[in-house]
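Working notes, structure below.
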2 protein chains.
Amino acid sequence: MPKALTQGSRILDARDLYHALSDETRLRILCLLRQGERCVCELTDDLCCAQSRLSFHLRTLKNCGLVTDRSEGRWIYYKLNHDALRKALMFLREDLGADAESHAATERARRADNGNCR
Amino acid sequence: MPKALTQGSRILDARDLYHALSDETRLRILCLLRQGERCVCELTDDLCCAQSRLSFHLRTLKNCGLVTDRSEGRWIYYKLNHDALRKALMFLREDLGADAESHAATERARRADNGNCR
DNA sequence: AGGAAACATCAAGGAATCTTGATGCGTCAA
DNA sequence: TTGACGCATCAAGATTCCTTGATGTTTCCT
């Protein structure tokens with residue numbers, strides 16, 4: 001499939017991921033979940049955050065795939081979904097040309113196949 | 001400086017970056033700028049987007065550092081700022097544990113220094 | 001069975017964000 | 001110097017997003 005056709009939904013997927021990442025509370029949730037699974041009541045304590053508010057943000061994170069949940073008895077455990085994190089990272093790298101190292105080297109390479117906009 | 005003290009502003013910086021990335025128009029702008037500097041009228045054409053609207057989004061991108069501008073005569077040229085892109089990428093990698101490769105390996109390593117939340 | 005804990009969901013209000021059209025300012029060409 | 005172009009900015013309305021408090025559901029304990 002030509003790249004142009006897939007670009008649209010790639011952008012929309014990326015937009016949804018970055019939107020989920022664009023809130024302080026949600027970023028704090030993700031930082032906590034990095035340490036492992038957490039149930040909602042633990043997160044509520046750690047974040048000093050009303051339960052319904054937390055629930056709202058967890059749903060936002062779940063909707064775009066950044067977290068998954070699993071229920072066990074009365075508790076619901078949330079954890080990071082690394083596939084979605086990787087998607088967010090890969091869009092930065094592949095679509096926007098972000099690189100972890102100094103920019104100079106990669107840009108030199110890219111300039112070889114210089115593509116003009118139109 | 002202890003990591004906890006720097007965490008707050010890291011999160012706020014990341015939030016601002018991801019907010020700028022959370023809009024379809026802005027992502028399209030960034031994709032176009034990846035190919036090199038563009039002036040506003042070129043972007044207006046490429047995106048079929050009202051000029052004032054484009055100007056609004058360019059300001060959003062500029063405010064968080066994702067693009068820089070340079071004026072030349074009547075034109076103002078915008079280009080990507082790779083330092084900001086790298087910041088967005090590094091937060092995903094370092095603070096959230098995103099990795100480009102399969103997750104299994106890194107997580108095995110990380111589990112050694114298992115940190116509990118509290 | 002009854003009560004409490006853990007969580008989701010809903011409605012309403014408030015805040016932030018986006019879009020649009022109008023206006024203003026600097027620059028260039030005639 | 002006048003007019004057109006390129007762009008920013010502003011005000012107003014529309015839309016999306018977030019927060020809060022109330023209520024509902026499920027599960028567990030007694």
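Convention: sequence-line order gives letters A, B, ...; per-chain numbering from 1. All values below were derived from every heavy atom in this structure, side-chain atoms included, with hydrogens, water molecules and symmetry-related copies excluded. Note that the structure is a prediction, hence the values are computed from the model and not measured.
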Open item on the list: If you compare all heavy atoms of B/Glu94 against all heavy atoms of A/Arg34, which two are closest, and at what distance to 0.1 Å?
Closed with: O-NH1, 2.5 Å

Task: Between D/dC17 (P) and A/Tyr18 (OH): distance, integer Å - done: 18 Å

Open item on the list: Just the rounded figure in Å: distance from P of D/dG6 to CD of B/Glu37.
Closed with: 17 Å

Open item on the list: If I take atom CG in residue B/Leu54 and atom P in nucleotide D/dA8, what distance separates them, rounded to the nearest angstrom?
Closed with: 8 Å

TODO: Write down the atom of B/Cys31, the atom of A/Ile11, and the distance for their closest heavy-atom approach.
DONE: SG-CD1, 4.2 Å

- [ ] Could you tell me whether a side-chain N or O of A/Asn81 sits under 3.5 Å from a main-chain N or O of A/Thr68, the two making a donor and an acceptor?
- [x] no

TODO: Starting at atom CG of B/Leu21, determine the distance to atom C1' of C/dT17, rounded to an integer number of angstrom.
DONE: 16 Å

- [ ] Round to a whole Å and report the spacing from CD1 of B/Ile29 to P of C/dC18.
- [x] 11 Å

Open item on the list: Expressed as a whole number of angstroms, how long is the span from A/Arg53:CZ to C/dG14:C1'?
Closed with: 14 Å

Open item on the list: Students often get this wrong, so: under 4.0 angstrom with heavy atoms, is A/Tyr78 touching a base, only sugar-phosphate, or nothing?
Closed with: sugar-phosphate

- [ ] Identify whether the distance between the nearest side-chain nitrogen and carboxylate oxygen of A/Asp13 and A/Arg10 falls below 4.0 Å.
- [x] no

TODO: Without swapping roles, check the side chain of B/Tyr18 against the backbone of A/Ala20 for a donor-acceptor pair under 3.5 Å.
DONE: no

- [ ] Indicate, yes or no, whether a donor-acceptor pair under 3.5 Å links the base of C/dA6 to the side chain of A/Gln51.
- [x] no

Open item on the list: Can a donor-acceptor pair be found, under 3.5 Å and without considering hydrogens, that links the side chain of A/Ser55 to the backbone of A/Gln51?
Closed with: no

Open item on the list: Expressed as a whole number of angstroms, how long is the span from A/Tyr77:OH to C/dC7:C1'?
Closed with: 13 Å

Task: N/O donor-acceptor pair under 3.5 Å between A/Arg26 side chain and A/His19 backbone - done: yes

Open item on the list: Among C/dC18, C/dC7, D/dT9, which nucleotide has an atom closest to any side-chain atom of B/Ser52?
Closed with: D/dT9

TODO: Give the nucleotide from the list C/dA6, C/dT19, C/dT17 with an atom nearest to the side chain of B/His19.
DONE: C/dT17

Open item on the list: Measure CH2/B/Trp75 against P/D/dA8 and give the value in whole Å, please.
Closed with: 14 Å

Open item on the list: Let's see if you get this right: which residues in residues 56-63 of chain A place a heavy atom under 4.0 Å from DNA chain D?
Closed with: A/Phe56, A/His57

Open item on the list: Would you say A/Arg74 places a side-chain N or O within less than 4.0 Å of OP1 or OP2 belonging to C/dA5?
Closed with: no

